Amino acid sequence: MTDQTSKERKMLLQEVEGLLSFIAFPILVVDCSGRVIHVNPTAEHVWRRSQVVLLNQALQKLVDSPQLIEFVEKGKPLRDFPVDVLEAAGRRHPYLCRLHPLFVNRQVEGAILQFTEQVVETEFKKNRKYVTRYSFEDIRGHSPSTMALKEQARKIAKSDSTVLIRGESGTGKEVLAQSIHHASTRSTGPFVAINCAAIPEALLESELFGYEDGAFTGAKKGGKPGRFELALHGTLFLDEIGDMPSYLQAKLLRVLQERRIERIGGSESIPVDARLIAATHKDLEAMIVSGQFREDLFYRLHVIPLYVPPLRERTEDLYDLIQFYMKFFGDRLGKEPKRFTTQAMKCLLDYHWPGNIRELENTMEYIVNLEIGDLVTISSLPTTIRANETNEEVQPAIVPPPPTLSEFSLEKTEEQLIIQAIQRFGKSTEGKRKAAEFLGISVATLYRRLSKINRKHTFT
Ligand SMILES: Nc1ncnc2c1ncn2[C@@H]1O[C@H](COP(=O)(O)OP(=O)(O)OP(=O)(O)O)[C@@H](O)[C@H]1O
């Protein structure tokens with residue numbers, strides 16, 4: 001072979017490899033005896049074995065179909081031929097195979113095999129555990145910070161870069177992570193969550209990385225895939241990453257660098273195809289200084305940082321959230337929506353919500369459960385929230401209304417709430433519909449009340 005021919009052959013080979021790597025379907029190229037001579041990167045994910053391991057393997061070990069090898073040997077083209085792909089751990093997956101025979105001088109030299117997943121419900125799709133409940137539409141609130149956060153998250157949803165979500169407990173970090181997954185190109189894949197603080201340290205490693213048969217006493221027969229494997233083609237949500245023990249931080253760092261894992265007790269390197277979203281309420285920078293969190297891991301995770309502000313810093317969201325949960329629990333418990341007195345609403349707005357949206361959700365469930373008629377007053381609020389108001393009432397600047405005024409303030413309060421709602425949603429028919437919904441009253445009632453107010457103040 002001349003130098004020129006050899007150079008051309010090398011170029012051609014590189015071109016073929018490059019083209020194979022662009023193809024999103026798994027491809028195996030085999031010689032006429034069924035020995036693998038080329039694989040593309042997608043095949044690594046399907047067989048969960050590296051290219052190095054797949055090369056030279058016999059086709060029969062990768063695909064369960066005795067006829068397939070016959071077709072290869074005979075050079076018979078195939079389209080949508082059903083086969084079972086055999087994964088490293090012994091699991092089988094139904095695929096459809098397309099065979100393109102390779103001939104040299106009319107002699108069969110091998111075949112290109114392309115595989116397409118059969119459209120059957122996969123284990124993951126059937127398993128509701130890995131399905132998201134939330135999308136961006138479920139993130140209530142119109143405060144500037146919530147709007148900006150949603151916009152930012154929508155923008156980055158489509159990329160595969162690692163996301164680090166920070167914010168106090170109960171602010172909605174997991175809701176945001178699920179929404180990102182839902183809007184991503186991986187939305188048909190699983191959303192696998194693991195809470196690093198909730199799982200005992202000894203179990204966390206095997207939960208994350210899985211294990212092989214007999215890896216340790218008590219290990220399940222046949223081994224078990226870890227969350228990284230379960231999140232194949234989907235998203236892995238590592239909640240409370242700040243609570244991950246240091247030896248696992250080091251292991252996670254390696255996975256992020258190499259995009260591969262090894263099951264405990266296993267030697268095979270399995271490619272990782274999952275987008276990573278981590279979350280924490282901890283001050284990771286302070287933890288780096290105190291040596292509790294690895295700086296190198298922090299920078300690997302901190303690719304797209306998102307911050308969910310505490311509820312007390314976005315009180316504008318309270319109106320939407322109260323309204324939403326009032327309806328949600330009302331529907332669930334078969335109760336009519338209730339309205340708030342201005343004082344009760346002010347009390348909720350002034351409260352500092354240390355438990356954030358989770359606490360608000362519980363508070364609303366409590367209120368809807370109470371048999372208090374359709375008006376929520378200060379006395380119907382949970383004591384922790386009322387205590388806040390009581391403290392303020394001892395301040396001389398705020399004089400509690402005398403009991404005789406309460407009837408008067410009830411009407412006035414109602415009036416104020418209606419006026420505020422109309423100012424907020426507008427005077428159009430749609431605006432009034434929204435205002436009625438917001439206030440938890442029927443549109444007819446709103447019109448009746450408005451005409452009463454109108455008669456008093458010429459407010460339409
Ligand atoms: N913007 C939102 N709109 C409506 N509900 C929300 C919103 N954000 C959070 N929630 C609700 O608040 C609760 C807490 O949310 P989530 O579990 O996502 O918080 P978190 O920040 O991940 O909490 P933790 O740090 O404790 O895990 C959930 O029940 C969720 O439904």
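Small disclaimer: the values here were computed from a predicted structure and weren't measured. Remember, it's 1-based here, ligands and their atoms both numbered in the order they're listed.
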Sidechain N-carboxylate O distance under 4.0 Å for Glu151, Lys155: yes
Residue list, salt bridge (Lys or Arg N to Asp or Glu O under 4.0 Å) with Lys158, at least two apart or on another chain: none
Met326/Met364 under side-chain contact (heavy atoms from CB on, under 4.5 Å): CA gap, chis, key distance, verdict: CA-CA 6 Å; Met326 183 64 92; Met364 294 309 295; 3.8 Å; yes
Salt-bridge contact Arg263-Glu229 (side-chain N to carboxylate O under 4.0 Å): yes
Residue shell around ligand 1, heavy atom under 4.0 angstrom: Tyr134, Asp138, Ile139, Arg140, Glu168, Ser169, Gly170, Thr171, Gly172, Lys173, Glu174, Val175, Asp239, Glu240, Leu321, Tyr325, Ile357, Arg358, Glu361
Sequence neighbours excluded - salt bridge (charged side-chain N to carboxylate O under 4.0 Å, His left out) pairs with any residue from residues 191-205: Glu205-Lys251
Qualifying salt bridge (charged side-chain N to carboxylate O under 4.0 Å, His left out) pairs with a residue from residues 233-248, counting only residues at least two apart or across chains: Asp243-Lys282
